[in-house]
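When a residue number appears, it is its place in the shown sequence, counting from 1.
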Amino acid sequence: MKYYALFFFLCTGFGKIATAQDSSLLHMLEDSMMVNKQVGHVTGTFKGTHIINTQSVETPAKGVLLFMIMHRFGKINEGGYAFFGLDNATMRMGFDYGLTDELTAGVGRSTFQKTYDGYLKGKVLQQSEGPGRHIPLSVTALAGIAYTSLKYSDKPYLNAKYRTSYTLQLLAARKFTRNLSLQLSPAWLHYNLVPAATDKNDVFVLGMGGRMKITKRSSINIEYNYMPGNQVNSFKVYNSLSAGFDIETGGHVFQVHVTNSQGMVEPLFLGRTTGSWGKGDIYFGFNISRSFNLAKKR
């Protein structure tokens, strides 16, 4: 409950000194194909900075602080004794800050494996339409690092070097209509330490996701991350599959979903998903984001 109390404080008390923003994240609430007529940029490709687990091409505007809670309950197949997973939970708390309109810095901390993460996320291209200007895709690059601080008394050799992993990911999306957006997300992961010599330190994953708007401020999202075989062999890894529902309420974006991934950081859900949909290893969860404009009005 202390996390929800903190979230409530940030949304109310801090909101008195920070004006809810009208950034690229929430400009998209108009969901038009061409909001900025001067440059013809297509906005509102996705409702938030994450499709579900996977990051989207969206970023906060310059001077905007985005606070986000990602929450996953336990597995549904834990049964009635664990209230079908609701007795157990993991979560991630994170902050994204728009250094510029194109570049974002983010940090976070997950209870799952007590993981700290940080990343830089920058827009490379923005989909544009109009006379003399046509860019068919929005492209954003992501570079991240994750550090697991969970203690293992029987593994004293696990120092910072072996606890660290890295992510490079390219997010390429297109808004085809006012209602439909699709994204491809190829990712390269590097684990400094792997469980066995048969596992690769460098792992490639191809992600894909989409958004279908059903009302002005709500949508259905789905994402799938495919990892080709013969990369992790010492234990069974499943492809991450998630589906959810997004709704915008003022300065908040609320996402509810089901997924077979417990981890919420790229090295944990892209290359270390051990849950199977077929076996009922399904986690119910939600993401909540709140944005604050810390810069002077432009």
Side-chain angles (χ1 to χ4, degrees), residues 22-61 66 68 70 101-102 104 121-131 133-142 169-187 205-226 239-250 252-261 266 269-270 277 285-289 291:
D22 187 25
S23 69
S24 60
L25 174 63
L26 291 179
H27 270 181
M28 56 185 161
L29 303 184
E30 299 181 39
D31 264 332
S32 63
M33 285 295 290
M34 291 177 60
V35 170
N36 190 331
K37 295 181 180 179
Q38 286 186 333
V39 295
H41 285 166
V42 174
T43 63
T45 306
F46 289 95
K47 187 70 70 173
T49 57
H50 289 70
I51 302 176
I52 295 174
N53 292 314
T54 304
Q55 299 232 20
S56 75
V57 293
E58 304 293 347
T59 61
L66 175 69
M68 188 170 188
M70 306 175 75
D101 286 337
E102 291 77 31
T104 296
K121 185 178 177 182
K123 291 182 178 179
V124 180
L125 294 173
Q126 186 166 355
Q127 183 181 347
S128 302
E129 305 287 350
R133 183 182 181 91
H134 178 71
I135 300 176
L137 298 173
S138 293
V139 178
T140 300
L142 174 75
Q169 190 168 29
L170 198 64
L171 314 169
R174 176 172 174 80
K175 187 173 185 178
F176 290 90
T177 69
R178 290 176 181 269
N179 297 330
L180 178 64
S181 300
L182 298 176
Q183 177 174 299
L184 285 177
S185 313
V205 179
L206 178 61
M208 56 201 78
R211 169 189 182 235
M212 175 61 73
K213 190 175 71 169
I214 55 177
T215 70
K216 184 177 181 181
R217 295 191 174 186
S218 64
S219 64
I220 294 174
N221 289 10
I222 189 167
E223 67 177 44
Y224 179 70
N225 293 285
Y226 171 71
N239 296 322
S240 176
L241 173 63
S242 310
F245 175 79
D246 286 12
I247 184 168
E248 179 276 325
T249 56
H252 304 268
V253 177
F254 183 62
Q255 303 172 298
V256 293
H257 44 257
V258 286
T259 177
N260 63 330
S261 300
E266 283 75 16
F269 73 85
L270 289 177
W277 274 79
F286 58 85
N287 300 338
I288 303 176
S289 60
S291 301

Got a donor-acceptor contact below 3.5 angstrom from the Ser242 side chain to the Thr259 backbone? no

Checking Ser219 against Asn221: is there a side-chain donor and acceptor pair closer than 3.5 Å? yes

Do Asn287 and Met68 pass the side chain to side chain contact (heavy atoms under 4.5 Å, CB included) test, and can you show the C-alpha distance, the side-chain angles, and the key distance before you say yes or no? CA-CA 7 Å; Asn287 300 338; Met68 188 170 188; 3.6 Å; yes

Looking at CZ of Phe176 and CE of Met212, how far apart are the two atoms once the value is rounded to the nearest 0.5 Å? 11.0 Å

Side chain Arg174, main chain Pro136, donor-acceptor under 3.5 Å: yes

Assess the side chains of His50 and Gln255: does a donor N or O sit below 3.5 Å from an acceptor N or O? no

Check: Ala61 main-chain N/O paired with Asp101 side-chain donor or acceptor under 3.5 Å: no

Pairwise side-chain contact, Ile247 with Phe245, heavy-atom cut-off 4.5 Å (strictly under): yes

I want to check something: taking the side chain as every heavy atom from C-beta on, are Phe254 and Asp246 in contact at a cut-off of under 4.5 Å? no

Lys/Arg N to Asp/Glu carboxylate O, Glu102 vs Lys123, below 4.0 Å: no

Using side-chain heavy atoms (C-beta onward) and a distance below 4.5 Å, is Gln126 in contact with Ile135? no

Any idea which heavy atoms bring Thr104 and Pro60 closest together, and the distance? OG1-CD, 3.4 Å

Lys121 side chain vs Glu58 backbone, donor-acceptor pair below 3.5 Å: yes

Would a distance-only check, ignoring hydrogens and angles, find a side-chain to backbone donor-acceptor pair under 3.5 Å from Ser56 to Thr49? yes

Euclidean distance, Glu266 CD relative to Asn53 CG, rounded to 0.5 Å: 9.0 Å

Could you report the tightest heavy-atom contact between Glu248 and Arg217, atom names first, then the distance? OE1-CD, 2.7 Å

Check: Glu223 and Asn225 side chains under 4.5 Å, non-hydrogen atoms: yes

Got His41 and Ser128 here, is their nearest side-chain heavy-atom distance under 4.5 Å? yes

If you round to the nearest 0.5 Å, how far is OG1 of Thr45 from CG of Leu137? 10.0 Å

Separation between CD1 of Ile52 and CZ of Phe269, rounded to the nearest 0.5 Å: 10.5 Å

Could you check Glu129 against Val42 for side chain to side chain contact (heavy atoms under 4.5 Å, CB included), going step by step and ending with a plain yes or no? CA-CA 7 Å; Glu129 305 287 350; Val42 174; 3.8 Å; yes

Quick check: closest heavy atoms across Ser291 and Leu66, and the distance to 0.1 Å? OG-CD1, 3.1 Å

For Gln127 and Lys175, which I'm curious about, is there any donor-acceptor pair between the side chains at under 3.5 Å? no

Of the non-hydrogen atoms in Phe46 and Gly210, which two are nearest, and what is the gap between them? CE2-C, 4.0 Å

Heavy-atom check, side chain of Thr54 versus side chain of Gln183, under 4.5 Å: yes

Work out which heavy atom in Leu270 is nearest to a heavy atom in Val205; give both atom names and the distance. O-CG2, 3.8 Å

Spacing of Met208 atom CE and Tyr226 atom OH [to the nearest 0.5 Å]: 9.5 Å

Under a 4.5 Å cut-off applied to non-hydrogen side-chain atoms, are Leu170 and Val139 in contact? yes

Can you name the closest pair of heavy atoms from Arg178 and Lys213 and give their distance? O-CE, 3.6 Å

